[in-house]
Protein chains: 2
Amino acid sequence: MTASQQTGRLPTHEVVYRRIREMVLFGELAPGQPVTIQGLAGDLGAGMTPVREAIRRLTAEGALEFQGNRRVCVPVLTLSQLDELAFARQSIEPRLAYLAAQRATPGDIAHLEAVDAELNRAIERGDVRGYLQHNHRFHEDLYALAQARILASLAGMLLLRVGPSLRVVCGRFGTYGLPDRHRDALDAMRAGDADGVARAIGADLQQGIDQIRQSLLAG
Amino acid sequence: MTASQQTGRLPTHEVVYRRIREMVLFGELAPGQPVTIQGLAGDLGAGMTPVREAIRRLTAEGALEFQGNRRVCVPVLTLSQLDELAFARQSIEPRLAYLAAQRATPGDIAHLEAVDAELNRAIERGDVRGYLQHNHRFHEDLYALAQARILASLAGMLLLRVGPSLRVVCGRFGTYGLPDRHRDALDAMRAGDADGVARAIGADLQQGIDQIRQSLLAG
DNA sequence: GGCGGAAGGATATGATCAAATAATCTGCTG
DNA sequence: CAGCAGATTATTTGATCATATCCTTCCGCC
């Protein structure tokens, strides 16, 4: 097919995995929504086998959840699970930010600033999807600088778990009027203050967690 | 088949997943050893599809690793990855131990003591596999008490990553003459000292990490 | 309200296709 | 003439699909 040129040499199950991952991260799949193998296979124009494999991966990462029987859905966060996520993220992500700050070159910082600028533009535009995408990109690219694959993969899984709920939050309240912790992180980065970067990232993700908590409490 | 009676109603891919997971945890698959789908399918008497799904899950959990091309093998830890694992485990597992201690009933503690007793018997017997199994069981059952599924799943993934190396270490040096941190943890648990339990577990896993580090440094 | 049957969907197999590595062969050079 | 390099084939293994079988659920009926 023509689309296979764009995907280069990536196997179908990998492409499907990334696609579904995006759907979870950026709110195309809402929390609680059931996911069927044949449905996805139809939508994505793939066979059932690659879709099955992608779903297994995403289930292992916590992006999807077995429903006891043999059904799969996007997990709905409870308050206590949100506490677990808050703890895990606060443990892992500031550390990654610290390591990243130590290794960042001026070019790396400029790149992150560009991503952050696009993020802010998306906010002003009221583009929720763009906001989520660039926010995720910012954290992902930052953590990649840390050159700590295991910790980064853990952080990726944690982001996957908060993704759907973040989407819901953004639909309700905006993200206006909140302090810009990314800006703080970038400033500290330019100043060579790795601890400051870690603190800023910790504050940033705490903001997101708190917003989700508000949303859960509101019902 | 006859074996399906023992497994109850578990789907094949789940059975295969648990089997391969055990092989990784308890040293039937050594670090660096290549893993082939068809080989496993033949050994386990299963079709390719369930094996593929199990491998995807285990790869997502870090128990197996893509080898760039399309080959899969048991990962070999580097020193810097060991540092990452040490940090992540020290962040997550003491917390789980703390939560578990708060919820543990006397019956729970008795169960853990029974597991620990079997562990010690395996050590005296020189039974490496038994030691690894009961050690894993001890941590797994302890963390299950915390009723924190997300943190427990993270801990499970971290244990999966150190499993193969632990096996190698046990083959070289014994585990003799090391302080018994499980005993410390259980004592603190009976005393209702959750912080003490967390400290003991932190010391326990640090011991394991240090042993692996010694082994890596020795080459 | 409990039971039976139909339908939708998940599981699992084997066949087929494609890719990567291993092995062999040929031709050239020292 | 021996040895090595490059290329080509062969074998092994992974990827994908189409299909058959089995659950689970839902709906109608008793």
Side-chain angles (χ1 to χ4, degrees), chain A residues 1-21 23-24 29-30 32-75, chain B residues 1-21 23-24 28-30 32-76:
Chain A
M1 55 171 132
T2 54
S4 63
Q5 284 183 333
Q6 296 173 1
T7 62
R9 263 304 126 65
L10 288 176
T12 306
H13 63 82
E14 181 70 30
V15 175
V16 169
Y17 164 77
R18 296 187 187 187
R19 182 78 189 87
I20 302 178
R21 182 187 163 98
M23 292 171 75
V24 172
L29 294 173
Q33 180 169 340
V35 170
T36 73
I37 293 177
Q38 294 176 341
L40 282 175
D43 293 346
L44 304 181
M48 286 174 42
T49 310
V51 174
R52 283 174 71 73
E53 292 180 44
I55 286 182
R56 294 287 174 249
R57 277 178 76 179
L58 290 161
T59 303
E61 294 177 342
L64 298 175
E65 203 171 41
F66 272 119
Q67 199 75 8
N69 1 346
R70 33 194 199 176
R71 221 150 267 187
V72 172
C73 73
V74 183
Chain B
M1 53 172 134
T2 55
S4 63
Q5 284 184 333
Q6 297 174 0
T7 62
R9 265 301 124 67
L10 289 176
T12 305
H13 64 84
E14 182 71 30
V15 176
V16 170
Y17 164 76
R18 297 187 186 188
R19 182 79 191 84
I20 302 178
R21 182 187 163 97
M23 292 171 76
V24 172
E28 287 176 64
L29 294 174
Q33 181 170 339
V35 170
T36 73
I37 294 178
Q38 294 172 346
L40 283 175
D43 293 347
L44 304 181
M48 287 173 39
T49 311
V51 173
R52 284 175 73 72
E53 293 180 44
I55 286 181
R56 293 289 173 245
R57 277 178 75 179
L58 289 161
T59 302
E61 294 177 343
L64 299 175
E65 203 172 39
F66 272 121
Q67 198 73 10
N69 359 342
R70 39 193 198 170
R71 216 148 270 187
V72 171
C73 72
V74 183
V76 180

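All chains are named by letter (A, B, ...) in the order of the sequence lines, taking the proteins before the strands, and each is independently numbered beginning at 1. No experiment lies behind these values; they were computed from the predicted model shown.
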Query - Polar side-chain contact A/Gln38-C/dG8 base: donor and acceptor under 3.5 Å - result: no
Query raised in the report: Of the nucleotides C/dT13, D/dC17, C/dA15, which has the atom closest to the A/Thr49 side chain?
Result: D/dC17
Query raised in the report: Please give, in whole Å, the distance from C/dT11 P to A/Met48 CE?
Result: 8 Å
Query raised in the report: In whole angstroms, how far is the C1' atom of C/dA12 from the NE2 atom of B/His13?
Result: 10 Å
Query - Nearest-Å distance for atom pair CG/P, residues B/Leu44 and C/dT13 - result: 12 Å
**Report entry** Integer-rounded Å distance: C/dA12 C1' and A/Arg56 CZ
**Finding:** 11 Å
Requested in this report: To the nearest 0.5 angstrom, please state how far the CD1 atom of B/Ile37 sits from the CE atom of B/Met48.
Outcome: 6.0 Å
Query raised in the report: Mapping B/Gly47 and A/Val35 onto DNA chain C by nearest heavy atom, which one lands closer to the 5' end?
Result: A/Val35
Requested in this report: Would you check if A/His13 and A/Arg56 make a side-chain contact, meaning some heavy-atom pair closer than 4.5 Å?
Outcome: no
**Report entry** Euclidean distance, B/Leu40 CG relative to B/Ile20 CD1, rounded to 0.5 Å
**Finding:** 4.5 Å
**Report entry** Distance, rounded to the nearest Å, where B/Arg52 contributes CZ and C/dT13 contributes P
**Finding:** 14 Å
Query raised in the report: Atom CD of B/Glu14 to atom P of D/dC22: distance rounded to whole Å?
Result: 21 Å
**Report entry** Matching residue for A/Val16 among A/Leu10, A/Thr49, A/Val51, A/Leu58 - test: side chain to side chain contact (heavy atoms under 4.5 Å, CB included)
**Finding:** A/Val51
Query - Whole-Å gap separating P (C/dA15) and CD1 (B/Ile37) - result: 18 Å
Query raised in the report: Charged N to carboxylate O below 4.0 Å: is that the case for B/Arg57 and B/Glu14?
Result: yes
Requested in this report: Indicate whether OP1 or OP2 belonging to D/dC23 is found under 4.0 Å from a side-chain N or O atom of A/Asn69.
Outcome: no
**Report entry** Nearest-neighbour nucleotide for the A/Pro11 side chain, D/dT16, C/dA10, C/dA12 considered
**Finding:** D/dT16
Report summary line: B/Arg70 atom CZ is separated from D/dT16 atom C1', nearest whole Å, by 11 Å
Query - Phosphate OP1/OP2 of C/dA12: any B/Thr12 side-chain N/O under 4.0 Å - result: yes
